Amino acid sequence: MDLSRAPLSKTVCGDLVLEDMGIVVERVHDDPPTARADTTDVPGRDGTLLREITYESRTITLECRAFEHKWEDFETLRDVLVSKLMTHGEMRLIVRTHPDEYYMAYLNSISEGDRIGGTGIGSFELEFVASSPWRYGDIRSVT
């Protein structure tokens with residue numbers, strides 16, 4: 001699969017396209033990375049001197065919905081996702097909110113699936129961690 005040509009509005013984890021598996025990503029939580037400023041006081045100067053700003057790893061959470069007609073039960077779905085995503089380690093993650101950019105991330109956790117009252121639909125969350133706080137292909141500027 002040529003990941004550089006991933007279709008718009010699809011979520012790609014390594015070599016898996018979630019929508020092709022009957023999984024719809026409802027919401028993407030992609031908060032900006034936390035910055036940590038390293039400052040020091042300089043004798044004879046007012047204020048502090050900023051030495052360095054570092055950014056922590058980024059956490060990306062995908063709120064997903066799956067349809068029972070595609071999966072016999074949500075335990076099977078969880079087992080398939082865990083076996084395919086946990087063994088890959090760090091992989092390319094393309095989220096539908098920015099299809100031209102990607103993270104190098106690994107699956108950190110998958111929540112228990114909750115059925116939505118007799119509808120044959122269940123929801124769960126996938127949490128990924130990206131060691132680099134920035135998306136590859138992202139255009140940034142520093143002032």
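None of the values given here were measured: they were computed from a predicted structure.
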#### Entry: Pairwise side-chain contact, Cys64 with Val24, heavy-atom cut-off 4.5 Å (strictly under)
no
### With Tyr106 via ring pair (Phe, Tyr, Trp, His ring centres under 6.0 Å) - residues at least two apart
none
### Query
Can you find a pair of side-chain heavy atoms, one from Leu18 and one from Leu126, that are under 4.5 Å apart?
yes
### Message
Let me confirm one number: the CG-CG distance from Leu93 to Leu16, rounded to the nearest 0.5 Å.
### Response
11.5 Å
### Task
Let me see the working for Glu26 and Arg65 under salt bridge (charged side-chain N to carboxylate O under 4.0 Å, His left out), right down to the final yes or no.
CA-CA 7 Å; Glu26 290 291 312; Arg65 186 179 70 204; 2.9 Å; yes
#### Entry: Note, Cys13 side chain near Met91 side chain (heavy atom, < 4.5 Å)
yes
### Query
Any side-chain heavy atom of Leu49 within less than 4.5 Å of one from Thr39?
no
#### Entry: Min side-chain heavy-atom separation Thr11-Leu62 under 4.5 Å
yes
### Query
For the atom pair CZ (Arg27) and CZ (Arg96), what is the distance rounded to the nearest 0.5 Å?
9.5 Å
### Message
Measuring from atom CZ of Arg135 to atom CZ of Arg58, what distance do you get when rounded to the nearest 0.5 angstrom?
### Response
5.5 Å
### Query
Taking the six-membered ring for Trp, are the ring centroids of Tyr103 and Trp134 within less than 6.0 Å of each other?
no
### Task
Starting at CG of Leu81, measure out to CE of Met86 and round the result to the nearest 0.5 Å.
11.5 Å
### Task
Begin with the C-alpha distance, continue with both residues' side-chain angles, and end with the deciding distance and a verdict on side chain to side chain contact (heavy atoms under 4.5 Å, CB included) for Ile110 and Val82.
CA-CA 8 Å; Ile110 180 170; Val82 167; 3.6 Å; yes
### Task
Hey, can you tell me if Tyr136 and Tyr102 have their rings parallel, tilted or perpendicular (30° and 60° cut-offs)?
parallel
### Query
Does some side-chain heavy atom of Tyr55 sit less than 4.5 Å from a side-chain heavy atom of Thr34?
no
### ILVMFWY cluster, Val12 and Val129 together (side-chain gap under 4.5 Å)
no
### Query
Rounded to the nearest 0.5 Å, what separation is found between the OG atom of Ser109 and the CD atom of Glu125?
8.0 Å
### Where Pro133 and Glu56 come nearest, the two heavy atoms and their spacing
CB-O, 3.5 Å
### Message
Is there a side-chain contact between Asp30 and His98 in this structure, where contact means two heavy atoms from C-beta onward sitting under 4.5 Å apart?
### Response
yes
### Query
Taking the side chain from Arg78 and the backbone from Ser111, do they hold a donor-acceptor pair closer than 3.5 Å?
yes
#### Entry: Residues which pass salt bridge (charged side-chain N to carboxylate O under 4.0 Å, His left out) with Glu127, listed by chain and number, not counting sequence neighbours
none
### Query
Less than 4.5 Å apart, any side-chain heavy atom of Glu90 and any of Ser131?
yes
#### Entry: Atom of Pro99, atom of Ile94 and distance for their closest heavy-atom approach
O-CG2, 3.8 Å
### Query
Under a 4.0 Å N-O cut-off, is there an ion pair linking Lys10 with Asp20?
yes
